[in-house]
Amino acid sequence: MSDEVKVQDQTQEAQETAVSQAEAEHAMNNVAVLKKGATVKGKIVKVDADQAFVDIGYKYDGVIPVRELSSVSLEDAGQAVQLGQEVELKVVSINDAKETLVLSKRVVDSEKAWETLQGQLESKEIIEASVAEVVKGGLVVDIGVRGFVPASMVERQFVEDFSSYKGRTLRLRVKEIDREKNKVILSQKDVLDEEFEANKKKIIEGLQVGQVLDGTVQRLTQFGAFIDIGGIDGLVHISELAWHHVDQASDVVKEGDKVKVQILKLDPSNDKISLSIKATQAGPWSNVENDFKAGDIVTGTVKRLAAFGAFVEVAPGVEGLVHISQIAHRHIGTPHEVLKEGQEVQVKILEINANEKRVSLSIKETEEAPEAPAGAAAPSAAKPERERQPRGDRDRGNSASHQKEIAGNENVSLSNQGLSMTLGERFGDKLSKFKK
């Protein structure tokens with residue numbers, strides 16, 4: 001190779017080296033000067049379990065430790081950022097000698113969050129956030145800062161176990177903020193309550209008295225059962241649970257039961273709905289005349305005792321009256337002498353009136369009349385009128401006091417009122433007129 005060629009090559013190399021050095025110097029001059037606390041933007045280039053790497057256009061990549069990714073605890077950096085994601089960061093520390101650059105996404109997110117939280121509190125804006133932790137007393141969510149949802153503000157109903165809520169997205173409203181204490185309280189219950197009330201009014205507007213609906217038993221109380229009829233609850237009073245007497249709602253229904261109900265009353269101004277289960281079922285009197293007939297002897301249960309007789313249930317919801325004169329062959333002063341409530345007895349059906357819901361019964365006609373003692377004197381036909389008078393007077397005197405109760409009781413036949421008078425007494429009354 002000639003000397004001329006060698007000189008040309010050396011000259012070209014020197015020029016290229018000079019250009020490279022100039023470009024390097026130019027590039028170095030264009031690299032941003034970073035300081036602790038500076039805000040920068042970059043792109044996630046790598047995600048590990050405990051950290052993420054980001055290119056911010058500096059001479060080396062920065063690292064975001066998992067603790068600096070979110071205001072809540074994370075198990076993996078991938079829960080907060082993804083590869084290629086654009087992020088805004090704060091410089092936590094920088095050491096060019098060791099080429100270490102520590103950045104924080106949490107600090108930037110927190111600063112932005114506090115700026116918007118006050119506005120969300122005032123506007124009652126609904127925000128969405130994912131449950132990051134389940135802790136004692138409630139749930140922790142990430143809203144740029146650590147937000148807390150107390151257990152009583154998660155759902156409209158009581159929740160015993162929140163273990164399944166981790167990772168679930170909640171719709172929340174800001175209830176309280178305190179930046180100095182780094183405190184943010186949120187509620188999902190407020191959002192659900194508001195939606196429930198709006199939906200309830202809409203549902204009530206579409207309901208009508210007499211309408212029959214399918215429902216689900218929600219909860220039981222001492223006075224009845226609350227039934228969900230499609231987003232709104234109505235009350236079935238204990239007296240409307242069944243045609244027969246009910247002591248407690250749990251004797252008839254349990255929570256979760258599917259039932260048919262009829263609307264008895266609507267009160268939109270107070271958001272109240274009165275329902276009935278028994279109104280959707282055939283009444284106990286609908287088949288009485290098919291199931292029973294006069295002369296039948298059946299088993300019944302004494303439900304109530306009154307001065308003038310006993311009410312005996314012969315079928316669920318069907319009570320008849322055993323007049324005091326039809327309780328025993330011997331004379332008794334009150335039904336309590338021979339009967340007690342809850343006692344099972346044999347009764348004979350004397351009369352049925354399904355239209356008026358009345359049944360007349362007799363206990364003594366199911367029993368044989370006792371034989372008169374041997375040698376007993378026959379009743380004297382000349383027995384003074386005054387000796388027979390008390391019984392008749394008592395029956396007639398009592399009639400005023402118990403006629404009202406009999407007439408007002410759907411299970412009592414008015415024809416029973418005269419059962420206590422014997423034929424002799426009736427003719428005695430007639431003959432007494434001719435003696436005057």
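Note that this is a predicted model, so its numbers are computed, not measured.
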Could you go through the side chain to side chain donor-acceptor pair (under 3.5 Å) check for Gln79 and Glu75 one step at a time?
-> CA-CA 8 Å; Gln79 293 177 257; Glu75 297 176 357; 5.4 Å; no
Please step through side chain to side chain contact (heavy atoms under 4.5 Å, CB included) for the pair Thr39 and Leu89, ending with a clear verdict.
-> CA-CA 6 Å; Thr39 300; Leu89 309 160; over 6 Å; no
Could you go through the salt bridge (Lys or Arg N to Asp or Glu O under 4.0 Å) check for Glu195 and Arg171 one step at a time?
-> CA-CA 12 Å; Glu195 293 176 346; Arg171 298 165 62 244; 2.5 Å; yes
Checking side chain to side chain contact (heavy atoms under 4.5 Å, CB included) for the pair Thr301/Val312: CA distance, chi angles, key distance, verdict?
-> CA-CA 5 Å; Thr301 303; Val312 176; 5.6 Å; no
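Nearest heavy atom pair, residue Phe148 against residue Lys136, reads CZ-O, 4.5 Å. Contact record, Lys43 with Gly84: CG-O, 3.6 Å, taken as the closest heavy-atom pair. Contact record, Val141 with Val131: CG1-CA, 4.0 Å, taken as the closest heavy-atom pair. Counting all heavy atoms, side chain and backbone alike, Ile56 lies closest to Leu103 at CG2-CD1, 4.1 Å. Here the shortest heavy-atom pairing between Ala242 and Lys278 reads O-CD, 3.4 Å.
Of the possible donor and acceptor atoms, none in the side chain of Asp291 sits under 3.5 Å from a partner among the backbone N and O of Val288. Side-chain N or O atoms of His329 include one that pairs as donor or acceptor with a backbone N or O of Lys364 at under 3.5 Å. In this structure a side-chain-to-backbone donor-acceptor pair under 3.5 Å is missing from Trp243 to Pro316. Between the side chain of Gln51 and the backbone N or O of Asp48, no donor-acceptor pair lies under 3.5 Å. In this structure a side-chain-to-backbone donor-acceptor pair under 3.5 Å is present from Asp228 to Gly231. For Glu337 (side chain) and Gly333 (main-chain N/O), a donor-acceptor pair under 3.5 Å exists by modelled atom type. Proximity of a side-chain donor or acceptor of Gln211 to a complementary backbone N or O of Gln208 within less than 3.5 Å is detected. In this structure, the side chain of Glu68 does not engage the main chain of Ser104 through any donor-acceptor pair within 3.5 Å. Listed for the Arg173 side chain is no donor-acceptor partner under 3.5 Å among the backbone atoms of Ile126. Side-chain N or O atoms of Ser123 include one that pairs as donor or acceptor with a backbone N or O of Gly119 at under 3.5 Å.
A salt bridge does not link Glu88 to Lys105: none of the charged nitrogens lies less than 4.0 Å from a carboxylate oxygen. We find that Glu111 and Lys90 are joined by a salt bridge, their nearest charged nitrogen and carboxylate oxygen being less than 4.0 Å apart. Salt-bridge check for Asp109 with Lys112: failed, with every basic side-chain N at 4.0 Å or more from each acidic carboxylate O. Residues Glu313 and Lys303 are paired through a salt bridge, judged by an N-O separation under 4.0 Å between the basic side chain and the carboxylate. Salt-bridge formation is not detected for the pair Lys258/Asp214: no Lys NZ or Arg NE/NH1/NH2 atom is positioned less than 4.0 Å from an Asp or Glu carboxylate oxygen.
Defined by atom type and a distance below 3.5 Å, a donor-acceptor pair is present between the side-chain atoms of Ser269 and Asp267. Ser70 and Asp142 are linked by a side-chain donor-acceptor pair at a separation below 3.5 angstrom, with hydrogens and angles left out of the test. Between the side chains of Lys348 and Thr366, not a single donor N or O lies within less than 3.5 Å of an accepting N or O. Between the side chains of Glu133 and Tyr165, no donor-acceptor pair of N or O atoms lies under 3.5 Å.
Here CZ of Arg219 is found 7.0 Å from OG1 of Thr221. Values are rounded to the nearest 0.5 Å. How far CG of Leu361 is from CD of Glu319: 10.0 Å, rounded to the nearest 0.5 Å. For the atom pair CD1 (Ile297) and CD (Gln346), the distance works out to 7.0 Å, reported to the nearest 0.5 Å. Put simply, CD on Gln326 and OG on Ser360 are 9.0 Å apart, with the number rounded to the nearest 0.5 Å. Note that the CD1 atom of Ile273 and the CZ atom of Phe226 stand 11.0 Å from one another [nearest 0.5 Å].
Between Ile227 and Asp233 there is no side-chain heavy-atom pair separated by less than 4.5 Å. Two residues are said to be in side-chain contact when any heavy atoms from C-beta on lie closer than 4.5 Å; Ile352 and Phe292 meet this criterion. Residues Val102 and Ile64 fail the side-chain proximity criterion, which asks for heavy atoms closer than 4.5 Å.
No more than 12 heavy atoms of other residues, nucleotides or ligands shown are found within 6.0 angstrom of CZ on Arg67.
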